[in-house]
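Okay, structure first, notes after.
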Amino acid sequence: MHKDALHGKWEHREIHNIYGLYVQMATAEGQIQRSGGVERPFVLTRAFFAGSQRFGAVWTGDNAAEWGHLKISIPMCLSLGLVGVSFCGADIGGFFKNPSTELLVRWYQTGAYQPFFRAHAHLDTTRREPWLFGPENTALIREVIRQRYALLPYWYQLFFQAYRTGMPVMRPLWVDYPKDTATFTIDDEFLIGSDLLVHPVTEEGSRGVTAYLPGAGEVWYDVHTFQKHNGAQNLYIPVTLSSIPVFQRGGSIIPRKDRVRRSSACMENDPYTLYVALSPKKFAEGKLYIDDGHSFNYDAKKEFIHRSLTFANNALTSSNLCPDCNFLTSSWIEKVIILGASKPSKVVLKMDGKETPVDFEFDSSMSVLTLRKPGMNWQHVLLLSAVHIYLQALFLSTVYFHFRHNQLCLYVNRVCF
C-alpha cells in the first residue's frame, strides 16, 4: 500500500486491520439490537484486530488439507490466546485440497480440543462429511465429538474465566509452569485451562508420540484409562488411529455431562459427573459455572451459579462464589468419580436427618472410586461425612452426603475441615 494513501493524517496501513474489527463489532451490535438487547450474538470472523475477542470468535483462515497445516494450527491458536483472543480454531480437514481419511480423523481429534470447533471447506473440494469415510472412521469421529460435548461444562467455566480475567482458554504449558524451562519451546501440546493436557497426533502414520507431563511432584491421569503418571517426565505413548492423548492434572475437579445427546440444547438439564483427580497429597479443586447459555441475564440480573469445589483433608467442599446471585437449574449430580482414591466401607446419603445408602464401585487396580446417583441438585449443596477405621494397614471410610445451605463439607471423625 502506498504511503500517500491517507485517511486524514493516518496512513492506510496504520488503520487497515481496524476494518475487520469494526465490521465484526457492527454485526454483533446489530444482532443484539435485533433481539431487543436480550440475546447474546455469535459472530465468527476471519479479519480481526486487538479487542476482537469482545465481539465473537475467530478462525485462522484459509488453510489446506496438509499435515503441516494441521500441526501449525496449534501454535497459531496458542498465540491468539496469549493476546486475548481465546475463542479461536482452524478449519477441520483444511479449507483447500482434499484430506486423506487419516488426516481428517486426526484433524477432528485435534479440533475437538481447541476452543472453536468447526469443519469447513471450499465449494470445489470433495465432500467430506464424517459418514462418507466408512463406518470405522465415522465411529472414530463420532467418539471425539462426544468427548467434546461431554466437556462443555468445563469449556463454559473456562470461557467465563476468560471473560472475567483474560486468561487464555487454550494455553501453552509455560503459562501454568513458568519455572519449568522444558515447557518453553513446546508447541505441539497444550493445556485447556490448568487441568487438561492434550497432545494431538499430527504426524502421518504415527505409531507413538512423546508427551511432556510438567510439574515435579505432580501426577497426571489418562482421561481414557485413568492410569496415573508422574509429572516432570517425557512419556512415550503408543497410538493408533483411535488415540488422542489427554491427561487430567492430579489436584483438579472437572465437571462433565456424559449422557449422549443430539445437541448441546438437549443437554441443558442433564446431570453432571464430577471427575475428582487427587494429587499425591490427596487434594483437588475445581469450579463450576452455570447460566441460561443465551441471554445477558448473567450480567444484568446476576442469574448464574458459580461454585468452587475442593477436596482436601478427606473433605469434599463446595462454596458459593457469588452469594447474591440466583439461578435455578434442573441439573443434578449423577456420579462422582474419584481418581487415586482409597476404598470406603460404605457410602451413605444423609439428607434432612435421614441416611440412604449410595451405590459405589471401587477399582483396586486403578484406585478409582465411583459413587453412583447421589441425587444432589445444584439448588442444594452437599455435605460429605466420613469416619476412618484403621484395619490391617487399610483405611476404610464411611462416606456421608448431606445438604446444608451454602456449604458442602466432609466430616472426618466428626470434625469439619
Side-chain angles (χ1 to χ4, degrees), residues 42 44 57 59-60 63 65 67 69-71 73-74 77 86-95 98-121 125-159 169-170 189-193 195-202 206 209 222-225 239-248 254-273 275 293 331 334-335 337:
F42 177 80
L44 174 66
W59 91 98
T60 57
N63 55 6
W67 286 94
H69 284 215
L70 166 61
K71 191 170 186 177
S73 71
I74 298 173
C77 286
S86 270
F87 203 176
C88 62
D91 288 343
I92 291 176
F95 183 71
N98 302 307
S100 65
T101 299
E102 181 187 4
L103 176 58
L104 185 68
V105 171
R106 291 302 191 197
W107 214 316
Y108 268 99
Q109 292 172 341
T110 303
Y113 285 92
Q114 292 177 347
F116 180 64
F117 178 42
R118 178 192 67 156
H120 185 216
T125 58
T126 303
R127 298 296 293 267
R128 59 177 71 171
E129 285 84 355
W131 53 86
L132 298 179
F133 292 80
E136 292 183 0
N137 296 300
T138 300
L140 294 177
I141 295 172
R142 179 187 294 115
E143 170 57 27
V144 75
I145 292 174
R146 287 177 175 175
Q147 293 176 28
R148 166 78 175 200
Y149 274 67
L151 284 168
L152 285 181
Y154 182 62
W155 283 107
Y156 206 55
Q157 152 62 27
L158 293 177
F159 274 105
V169 172
M170 175 183 173
E189 66 182 69
F190 53 89
L191 292 169
I192 304 173
D195 300 334
L196 283 182
L197 184 149
V198 186
H199 192 300
V201 181
T202 58
S206 179
V209 298
D222 187 310
V223 301
H224 308 298
T225 66
V239 298
T240 64
L241 191 55
S242 65
S243 305
I244 175 166
V246 183
F247 301 88
Q248 181 175 346
I254 292 181
R256 294 175 38 150
K257 289 191 173 184
D258 287 337
R259 294 190 181 183
V260 178
R261 300 293 192 189
R262 296 188 304 273
S263 68
S264 58
C266 295
M267 298 167 59
E268 180 180 1
N269 296 318
D270 278 356
Y272 288 89
T273 296
Y275 285 77
S331 296
E334 181 178 42
K335 192 185 301 182
I337 298 177

Just how far is it from atom [atom1] of [X] to atom [atom2] of [Y], taken to the nearest 0.5 Å?
| X | Y | atom1 | atom2 | value |
| --- | --- | --- | --- | --- |
| Leu70 | Leu104 | CG | CG | 10.5 Å |
| Glu143 | Tyr108 | CD | OH | 15.0 Å |
| Met170 | Leu191 | CE | CG | 10.0 Å |
| Leu44 | Cys88 | CG | SG | 11.0 Å |
| Ile254 | Gln157 | CD1 | CD | 11.0 Å |
| Phe190 | Cys77 | CZ | SG | 8.5 Å |

Are the side chains of Val201 and Pro245 in touch, meaning some heavy atoms are under 4.5 Å apart?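 Yes. Closest side-chain heavy atoms under 4.5 Å.
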Taking C-beta and beyond as the side chain, do Ile74 and Pro200 meet within less than 4.5 Å on heavy atoms? yes
Within the side chain of [X], is there an N or O that forms a donor-acceptor pair under 3.5 Å with the backbone of [Y]?
| X | Y | value |
| --- | --- | --- |
| Arg148 | Ala112 | yes |
| Lys257 | Glu268 | yes |
| Ser86 | Val169 | yes |
| Thr125 | Asn98 | no |
| Asp222 | Thr225 | yes |

Electrostatic pair Glu334:Arg259 at N-O distance under 4.0 angstrom: yes
Where does the angle between the aromatic ring planes of Phe87 and Phe42 fall among parallel (under 30°), tilted (30 to 60°) and perpendicular (over 60°)?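 Perpendicular.
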I want to check a possible cation-pi pair here: Arg106 against Trp67, using under 6.0 Å from ring centre and within 45° of the ring axis as the test. no
Taking the six-membered ring of Tyr275, is the NZ or CZ of Arg256 close enough (under 6.0 Å from the centre) and on axis enough (within 45°)?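 Yes, cation above the ring, under 6.0 Å and within 45°.
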Any side-chain donor-acceptor pair under 3.5 Å between His69 and Asn63? no
Decide whether Asn269 and Ser331 meet the rule of one side-chain donor and one side-chain acceptor closer than 3.5 Å.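 No, no side-chain donor-acceptor pair sits under 3.5 Å.
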If you take all heavy atoms of [X] and [Y], which pair is closest and at what distance?
| X | Y | value |
| --- | --- | --- |
| Ile244 | His224 | O-NE2, 3.1 Å |
| Val209 | Ser206 | CG1-OG, 4.0 Å |
| Pro255 | Tyr272 | CB-CD2, 4.1 Å |
| His120 | Phe95 | CE1-CE1, 3.5 Å |
| Pro99 | Ala65 | N-CB, 3.5 Å |
| Leu241 | Gln109 | O-NE2, 2.9 Å |

Could you give all pairs that pass the ring pair (Phe, Tyr, Trp, His ring centres under 6.0 Å) test and reach residues 126-154, with sequence neighbours left out? none
Give the C-alpha distance, both sets of side-chain angles, the deciding distance and a yes or no for side chain to side chain contact (heavy atoms under 4.5 Å, CB included) between Val246 and Leu197. CA-CA 6 Å; Val246 183; Leu197 184 149; over 6 Å; no
Given Ile92 and Arg118, is the side chain to side chain contact (heavy atoms under 4.5 Å, CB included) satisfied, shown in steps? CA-CA 6 Å; Ile92 291 176; Arg118 178 192 67 156; 5.8 Å; no
I'd like to know whether Leu132 forms a side chain to side chain contact (heavy atoms under 4.5 Å, CB included) with Arg127, so could you lay out the CA-CA distance, the side-chain angles of the two residues, the decisive distance to 0.1 Å, and finally the verdict. CA-CA 8 Å; Leu132 298 179; Arg127 298 296 293 267; 3.7 Å; yes
Please step through side chain to side chain contact (heavy atoms under 4.5 Å, CB included) for the pair Leu151 and Ile192, ending with a clear verdict. CA-CA 11 Å; Leu151 284 168; Ile192 304 173; 5.9 Å; no
